[in-house]
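Residues take their numbers from the sequence shown, with the count starting at 1. Order of appearance sets the numbers: ligands from 1, and atoms from 1 within every ligand.
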Amino acid sequence: MAVPLLDVNAQNQPLEAELNAAFQRVLGHGRFILGPEVASFEESVGKMLGAKHAIGVSSGTDALLLAFMTIDLGPGDEVICPAFTFFATAGTIARTGATPVFADVCPICFNLDIADARRKITSKTKAIVPVHLFGQSADMDAINALAEEHDLRVIEDGAQAIGATYRGKACGTMSDFGCYSFFPSKNLGGFGDGGLVVTNDDELADRANILKVHGGRPKYYHHLVGGNFRFDTLQAALLEVKLAHYDGYTEKRQANAEYYTERLRSLPGVAIADPAHCRCAADQAAWLEESGASIILPTAYEHNEHIWNQYTLRVIGEGRREALRAHLTERGIGCEIYYPVTMDQQPCFQSLPKSSRQGCEVAHRLADEVLSIPVYPELTDAQKDEVIAAIVEFFA
Ligand SMILES: *Cc1c(COP(=O)(O)O)cnc(C)c1O
């Protein structure tokens, strides 16, 4: 039995009648640009997140770009973001003319290493961009405290974490802006590209809404240079259908993650990442050696509700990750490396000053060790058992 990394049809096909009805409704009224479904979806998703303003946009990438344009990032500014993330986090910073400065990450939760972020603050630093990677929140209290100390903006990249929480607060709502993606492989997966920004600040929301439509207000009168970052009516109508089912999807992802962890953790050579070692690379190395683990399972902090966009293993030992990947692929089990190349090592960033590309050793190590396995909501027990059996076979 094949186990794909993701099966969008398994999630969308049971909603076929509802989705068709939503499509028919939009087809009927014909208001394809900023039609009534956009405002309705924004209201629903804003309510779910507990955010005062929710603004639909054209993609997760554009959500970040719009947030950065709204806080007026530009040449001469430095922005700290993790080295271990999807490219859009860093690419959008660079597109404003600002300089991305890459901080190392935590080997336990994969998120921003706050001590390293602190070391990389200069007089030019304007913002910090934590990423809630794989569906788990970064340490927002520590990040906000650091930002306050140095008078920095904070923009959360919550593309993989819509609905995840940190000490009961939704990821994306604890800073100036939260940015999300509805790319089909994200937890709230749309039917093409789409994204969202949220903020609790009235002025920032107003400015973002103007920049979203070329900076014109009223129409054809431009005090700002914006872009076309609009969210499609059709996308909003279809996503509203899925939003009603969203809690159920999250519960199933959480159950799948628990299923893997409970069955794998007691096997020889398997350790579970220990939160006590969070953000401390030295301790982590010692712990790893002591544990003698050849595979490390991901963990969720007690104060975080993890929504498991990815269930990401660390496979220890030279060449072992590639070998496990080949082994799973051979058996028809989907797996992927998120991410094989860190931001500080991307060819397009080699022209950045050396000071923005140093000290990311944990990120480099993770890029060599990580492997994500299927965790999407519709996985059956038989499929999960097959993934587990293949991993057991590999280490036998
Ligand atoms: C997917 C993703 C984005 C970009 O979202 P798109 O909708 O694909 O443009 C940004 N940041 C992170 C961390 C992501 O995973």
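For S372 against T312, the heavy-atom pair with the smallest separation is OG-OG1, 2.8 Å.
For the 3.5 Å distance criterion, the side chains of D344 and T342 qualify, holding a donor opposite an acceptor.
Counting protein heavy atoms only, atom 13 (C) of ligand 1 is closest to D157 OD2, 3.4 Å. At the top of the distance list for atom 7 (O) of ligand 1, counting protein heavy atoms only, stands S181 OG, 2.6 Å. Scanning the protein heavy atoms around atom 8 (O) of ligand 1, the nearest turns out to be F183 CD1, 3.8 Å.
Contact of the V362 side chain with the F84 side chain is not registered, since no non-hydrogen atoms from C-beta on lie closer than 4.5 Å. Using a 4.5 Å heavy-atom threshold, the side chains of H132 and M140 count as touching.
For ligand 1, one of its N or O atoms has an N or O atom of G60 under 3.5 Å away.
By the 30° and 60° cut-offs, the orientation of the rings of F231 relative to F182 is tilted.
Heavy atoms from both the backbone and the side chain of T61 come within less than 4.0 Å of ligand 1.
Ligand 1 places these atoms under 4.0 Å from at least one heavy atom of A159: 2 (C), 3 (C), 10 (C), 11 (N), 12 (C), 14 (C), 15 (O). Numbered from 1 in the order shown, with element, the atoms of ligand 1 that lie under 4.0 Å from a heavy atom of V131 read 13 (C). Short contacts between ligand 1 and S59, defined as distances under 4.0 Å to a heavy atom of the residue, involve ligand atoms 7 (O), 9 (O).
Remark: of the listed residues T299, N304, N111, N304 is the sole one forming a side-chain hydrogen bond (donor to acceptor under 3.5 Å, both in side chains) with Q136. Of the options N309, L6, N187, a side-chain contact (heavy atoms from CB on, under 4.5 Å) to Y376 is made by L6 and by none of the others.
Atom 2 (C) of ligand 1 has its nearest heavy-atom neighbour, among K186, H132, Q160, Q310, in K186.
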